[in-house]
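This report concerns only the one structure given below.
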Amino acid sequence: MLDIQQLRSNLDAVAEALAKRGKPIDFTEFKALEAERKTLQSRTQELQAQRNSLSKQIGMLKGQGKDASEVMAQVGALSDELKTSEGRLGELLEQFNAILAALPNIPDESVPVGSDETGNVEIKRWGTPRTFDFPVKDHTDVGEQLGQLDFTTAAKIAGSRFSLLKGGLARLHRALAQFMLDTHTADHGYTELYAPYLVNAASLYGTGQLPKFEEDLFKVLRGDQGPLYLIPTAEVPVTNIVRDEILAAEVLPLKFVCHTPCFRSEAGSGGRDVRGMIRQHQFDKVELVQVVHPEQSAEAHEALTRHAEVILEKLELPYRRMALCSGDMGFSAAKTYDLEVWLPAQNTYREISSCSNFGAFQARRMQARFRNDKSKPELCHTLNGSGLAVGRTLVAILENYQQADGSVTIPAVLRPYMGGLDVLSAS
RNA sequence: GGAGAGGUGGCAGAGUGGUCGAAUGUACCUGACUCGAAAUCAGGCGUACUGCAAGGUACCGUGGGUUCGAAUCCCACCCUCUCCGCCA
């Protein structure tokens, strides 16, 4: 959520900054509402003040046993205007909230301007893609030929866009998550969390998935109670820890790491990445979340992105870091780096991590604050990033570590997690 | 799932229709006393919007309603706790 003060005082600048995202936003409704709001609000408050003071008089008169009917008549004269005035003001404020809730974040000044992913800028490259002296298979073929990856049975059990892992591959999946968690807790200073996989609407509103992106979520209806949603990322439960909190400045920065399954309906992705594990309804992810002092968020963003990169480097997977352009960033982000891992079968880099600085955008929605130097509540900044997407990391390993005989070498750092096993072979 | 109790300021806790945005305690901040600290004493101490300011407005789980007036009464929802049942 953007600062409504900023919209009121500097609408043109906001509109210009938001236009960088590609779709110019029409603010004529906002302007009309704002013009009406100002006078209506002060008039309403004036009427309320009159009512309150007259009502106090009634109380005093009655307390003294005197007749209050004259004063009561005065209040009665106010009540009609007050009622319509309050009602209209309520409507206006609701419309403001709806407009505000649907506005995306303003891109940071350092974000390259562009309309889509072709405008993204490569920041760095790490590692050299391996050369193969045999025909490279994609991860689906590698996994299926190992007899450890089974989409047919997954489809029977659940449907398309699910996978079933077996034996060594299932263990490798578990090993990856363990390895990532251990690295982030032991080397990068994160506190491990275990969090709910189902969350309420308020939490999704806080991180920006609602109200605009409900169709991307799996929704669980519960009779007459409010619905719950399957989390699309651990970002939601973890960031919402600080919702409606005023933190002591000393507790910042908060650094959390959380491994969860993620559930996405992938509505509208039809046809894309239908083969394999790239785009699933359910996938595991190790998520990094930070809540920081506003002055520290840019620095924290760089550090957090490095924390994700370290995982790829330890796994010896070639990757590149992209700065997303204004038109390709997510709704809530002020700035995003994507990490893309090399997939030899696709002969390209594919997204495996997305690390974003949200500035105060999420914090304002969540009312997540801390007490600043002057002991005044001030909005925190929030950040998160995948460290990493487990399923896609598994894909990268299957493809990059495949051997001519169909086996898959296990990256050295994972072997302690695999009971010393150093290769996956057909079972 | 059944029965009951309850949600008030950082925490504890009073307040059941009228100077209540809210007693009191505690924590915290400032000052006095002290060589310093403790203790004691005095003052301050919720959030947001609005106004140059004085001030005004809203908020006592959330949303409605009754009333001239609601923390207080009514309705719905959310959440917590206790007991019983069931259960990984």
Side-chain angles (χ1 to χ4, degrees), chain A residues 1-9 30 33-101 194-206 210-211 219-229 237 240-252 254 261 360 363-380:
Chain A
M1 179 136 72
L2 299 177
D3 184 0
I4 190 151
Q5 305 292 1
Q6 206 182 346
L7 285 166
R8 283 176 186 156
S9 63
F30 180 88
L33 290 174
E34 175 60 13
E36 189 183 351
R37 189 212 111 245
K38 239 181 171 172
T39 49
L40 186 62
Q41 185 161 19
S42 52
R43 178 63 185 154
T44 305
Q45 295 191 351
E46 195 181 305
L47 290 168
Q48 286 170 327
Q50 287 177 29
R51 178 203 60 200
N52 288 348
S53 86
L54 289 173
S55 290
K56 267 182 188 171
Q57 283 182 38
I58 294 170
M60 286 195 299
L61 289 172
K62 289 203 169 175
Q64 293 161 9
K66 295 179 184 165
D67 175 38
S69 54
E70 192 180 321
V71 186
M72 285 175 78
Q74 287 178 47
V75 183
L78 292 178
S79 73
D80 272 358
E81 187 186 352
L82 182 58
K83 210 165 258 178
T84 54
S85 187
E86 278 179 332
R88 177 63 187 149
L89 186 62
E91 280 172 30
L92 277 181
L93 294 178
E94 221 166 273
Q95 288 173 51
F96 268 113
N97 283 336
I99 290 174
L100 226 48
Y194 171 80
Y197 299 162
L198 289 158
V199 294
N200 56 34
S203 292
L204 287 155
Y205 179 85
L210 288 180
K219 187 176 187 176
V220 180
L221 299 172
R222 305 186 287 173
D224 49 3
Q225 287 184 293
L228 290 175
Y229 298 82
N240 274 280
I241 289 171
V242 295
R243 172 153 53 89
D244 293 322
E245 297 289 336
I246 300 177
L247 305 166
E250 304 87 74
V251 308
L252 300 180
L254 293 172
R364 189 172 291 109
R365 288 175 160 244
M366 291 189 298
Q367 285 301 293
R369 294 169 292 176
F370 71 101
R371 266 186 211 286
N372 65 18
D373 300 344
K374 292 168 195 143
S375 190
K376 281 281 159 200
E378 183 177 337
L379 294 169
C380 303

Atom pairs, protein N/O to nucleotides 52-58 of chain B N/O, distance under 3.5 Å:
| unit_1 | atom_1 | unit_2 | atom_2 | d |
| --- | --- | --- | --- | --- |
| B:G56 | N2 | A:Q45 | OE1 | 3.1 |
| B:U57 | OP1 | A:N52 | ND2 | 3.2 |
| B:U57 | O3' | A:Q48 | OE1 | 3.3 |
| B:U57 | O2' | A:Q48 | OE1 | 2.9 |
| B:A58 | OP1 | A:R51 | NH2 | 3.2 |
| B:A58 | OP2 | A:N52 | ND2 | 3.4 |

With a cut-off of less than 4.0 Å, is there a side-chain N or O of A:R8 near OP1 or OP2 of B:U50?
yes
What's the gap between B:G13 and B:G25 when it is taken at their P atoms, as a whole Å value?
16 Å
So A:L100 and A:L7, do their side chains get closer than 4.5 Å, heavy atoms only?
yes
Between P on B:A70 and CD1 on A:I58, what's the gap in Å once rounded to a whole number?
11 Å
Could you check A:G59 against A:Q5 and say which one's nearest nucleotide on RNA chain B is further toward the 5' end?
A:G59
Residues two or more places apart in sequence or in another chain: which of them pass side chain to side chain donor-acceptor pair (under 3.5 Å) with A:E81?
A:R43
Partner of B:U40 by Watson-Crick or G-U wobble geometry, both contacts under 3.5 Å, or none?
B:A32
Rounded distance in Å - CG (A:L82) to C1' (B:G69)
12 Å
Presence of A:R369 side-chain N/O under 4.0 Å of B:A48 phosphate oxygens OP1/OP2
yes
Let me know the distance between CE of A:M72 and P of B:G18, rounded to the nearest Å.
15 Å
Please figure out whether A:E378 or A:K83 has its closest RNA chain B nucleotide nearer the 5' end.
A:E378
Check nucleotides 12-17 of chain B for protein N or O atoms closer than 3.5 Å to its own N or O atoms and list the pairs.
none

